[in-house]
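What follows is one structure encoded as structure tokens, with my remarks underneath.
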Amino acid sequence: MQCIIKLIAISVLLFSCKKDENPTTYADKPSEQKTVNLTVDGNARSFIVYLPTGYNNAGEMPLIFVIHGGSGTPEGMINIANFKPIAERDKVILVYPAGIQKNWNDGRPTTPNQLGINDVSFFNQLCEYMITNYSVDGTKIYATGISNGGFMSSRLGCELSNRIAAIAVDAATIEATTIAPNCNPGRPVPALYIHGTADPLVPFTGGLMTAGGTAGGTVLSHFQAIDKWVTINGCNPTPTVTDLPDISNDGTTIKQRVYPAGTNGSEVVSYVVLNGGHTWPQGYQYLNEAIIGKTSQDMNACEVIWTFFKRFKR
């Protein structure tokens with residue numbers, strides 16, 4: 001009888017050991033997209049968050065803020081710059097935020113600027129909210145946007161470098177009178193800029209903005225913005241220049257300039273879209289070509305931006 005009891009005890013022990021070697025796993029949750037409403041600095045704010053399939057098993061994930069342009073919406077920005085396939089493939093959380101009255105305080109006299117809205121504070125608190133409530137890697141938070149959203153991304157690089165690991169700016173540069181002169185981030189911020197030479201709204205050569213609404217403002221040229229970040233990041237001022245393959249025969253071509261060897265491995269990259277408009281390469285042509293110019297099909301801006309982002313962490 002004692003032998004039988006000992007055998008039972010040994011069997012239970014072996015079974016328990018085997019169970020410990022195979023901890024419980026959970027099925028991947030499906031992707032999820034939802035609108036979140038917050039009150040920030042006394043203002044009602046909202047954003048769309050996209051969680052990729054299996055986010056419950058992915059651990060801490062990178063986060064990309066994808067920021068709409070003036071008069072835009074988060075839903076519209078998803079159509080223009082759809083990072084969802086990237087989020088699914090590489091397990092990235094996406095946040096498409098909404099500006100006050102569909103605009104951002106990027107330093108120019110936009111409506112939020114005139115109302116005194118502190119959008120830098122909004123993004124700072126949004127970072128904290130996402131880190132607290134989702135599985136976000138706080139060292140891998142990135143900002144990208146088009147037009148007004150691109151100017152806002154530049155401002156975040158200048159003023160929120162304690163949160164933002166890298167920026168990518170499309171169809172925009174940096175506001176010239178207050179943001180650029182005071183752009184002194186506390187750490188190097190890798191920066192990528194895409195700009196069409198035939199952009200009818202944000203002049204490639206900089207200066208006073210006179211088209212595309214009443215915001216106006218004075219902005220740096222594309223290469224002034226590049227030079228600004230090359231200096232901030234301590235990059236080699238002599239770039240490696242590459243002509244991207246003209247794969248689409250759509251009347252545009254793209255020249256890449258890479259400024260390497262910055263402080264702490266930072267880098268600055270310029271993409272000049274010859275004859276390109278106020279558009280997102282391979283993105284949705286959201287207005288007629290006669291209004292915003294050509295959308296180049298010679299590169300996928302979402303893939304190019306993510307390939308750049310994922311090399312850097314704060």
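Computed from a predicted model, the values in this text were never measured in an experiment.
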Note to self: Tell me if the NZ atom of Lys102 is crowded by more than 12 foreign heavy atoms within 6.0 Å.
What the structure shows: no
Check: For residues Glu159 and Asn182, is any side-chain donor paired with an opposing acceptor at under 3.5 Å?
Finding: no
Next item on the list: Kindly indicate whether the side chain of Phe122, heavy atoms from C-beta on, has any atom under 4.5 Å from the side chain of Asn124.
Entry: no
Notebook entry, point to check: Would Asp119 and Arg45 pass as an ion pair if we require N to O under 4.0 Å?
Noted result: yes
Margin query: I want to check something: taking the side chain as every heavy atom from C-beta on, are Pro281 and Asp170 in contact at a cut-off of under 4.5 Å?
Written below: yes
Margin query: Looking only at the side chains, is there a donor atom on one of Gln101 and Thr111 sitting less than 3.5 Å from an acceptor on the other?
Written below: no
Margin query: Checking Lys84 against Gln33: is there a side-chain donor and acceptor pair closer than 3.5 Å?
Written below: yes
Check: Is there a side-chain contact between Val92 and Ile64, using heavy atoms and a 4.5 Å cut-off?
Finding: yes
Margin query: Taking the basic N atoms (NZ, or NE/NH1/NH2) and the acidic carboxylate oxygens, is any pair closer than 4.0 Å for Glu267 and Arg311?
Written below: yes
Check: Would Thr173 and His195 count as having a side-chain donor-acceptor pair, cut-off 3.5 Å?
Finding: no
Next item on the list: Decide side-chain hydrogen bond (donor to acceptor under 3.5 Å, both in side chains) for Gln125 and Asp41; before the verdict, give the C-alpha distance in whole Å, the side-chain angles of both, and the deciding distance to 0.1 Å.
Entry: CA-CA 9 Å; Gln125 293 182 62; Asp41 296 335; 3.0 Å; yes
Next item on the list: Assign the ring pair Tyr129 / Phe47 to parallel, tilted or perpendicular, where the plane angle (0 to 90°) is split at 30° and 60°.
Entry: perpendicular
Margin query: Grouping I, L, V, M, F, W and Y whenever their side-chain heavy atoms are under 4.5 Å apart, do Leu201 and Met152 come out in a common cluster?
Written below: no
Next item on the list: Examine Ile167 and Ile179 and state if one hydrophobic cluster contains both, with Ile, Leu, Val, Met, Phe, Trp and Tyr joined whenever side-chain heavy atoms are less than 4.5 Å apart.
Entry: yes
Next item on the list: State plainly whether the residues Arg155 and Asp106 are in salt-bridge range, i.e. N to O under 4.0 Å.
Entry: no
Margin query: Tell me if the CG atom of Asn133 is crowded by more than 12 foreign heavy atoms within 6.0 Å.
Written below: yes
Next item on the list: Please name the pair of heavy atoms, one in Pro97 and one in Pro74, separated by the smallest distance, quoted to 0.1 Å.
Entry: O-CG, 3.5 Å
Item checked: Heavy-atom check, side chain of Pro190 versus side chain of Ser266, under 4.5 Å -> yes
Check: With sequence neighbours excluded, what pairs up with Tyr50 under the ring pair (Phe, Tyr, Trp, His ring centres under 6.0 Å) test?
Finding: none
Check: Going through the checks in order, is the side-chain hydrogen bond (donor to acceptor under 3.5 Å, both in side chains) test met by Ser135 and Glu60?
Finding: CA-CA 5 Å; Ser135 187; Glu60 290 190 341; 5.5 Å; no
Check: Between Tyr96 and Trp104, is there a shared hydrophobic cluster once you connect ILVMFWY residues whose side-chain heavy atoms come closer than 4.5 Å?
Finding: no
Notebook entry, point to check: Does the side chain of Glu303 pick up a donor-acceptor pair with the side chain of Thr307 at under 3.5 Å?
Noted result: no
Note to self: Once ring pair (Phe, Tyr, Trp, His ring centres under 6.0 Å) is applied, what residue pairs with a partner in residues 254-282 remain, sequence neighbours excluded?
What the structure shows: none
Next item on the list: Evaluate whether atom OH of Tyr284 has more than 12 neighbouring non-hydrogen atoms of other residues, nucleotides or ligands under 6.0 angstrom away.
Entry: no
Next item on the list: Answer with yes or no whether the hydrophobic clustering places Met209 together with Leu220; edges join I, L, V, M, F, W, Y residues whose side-chain heavy atoms lie under 4.5 Å apart.
Entry: no
Margin query: According to ring pair (Phe, Tyr, Trp, His ring centres under 6.0 Å), does anything in residues 130-165 pair up with another residue at least two apart or in another chain? List the pairs.
Written below: Tyr142-Phe309
Check: If you measure only the distance, is there a donor-acceptor pair under 3.5 Å linking the side chains of Glu175 and Thr177?
Finding: yes
Item checked: Row check, Phe123 ring normal vs Arg163 NZ/CZ: under 6.0 Å, within 45° -> no
Next item on the list: Give a yes or no answer on whether the side chain of Asp137 reaches the backbone of Met61 with a donor-acceptor pair at less than 3.5 Å.
Entry: no
Margin query: For residues Val40 and Ile67: do they belong to one hydrophobic cluster (side chain heavy atoms under 4.5 Å, members Ile, Leu, Val, Met, Phe, Trp, Tyr)?
Written below: yes
Next item on the list: Pick out which of Thr252, Ile247, Leu244, Ile194 makes a side chain to side chain contact (heavy atoms under 4.5 Å, CB included) with Ser296.
Entry: Thr252
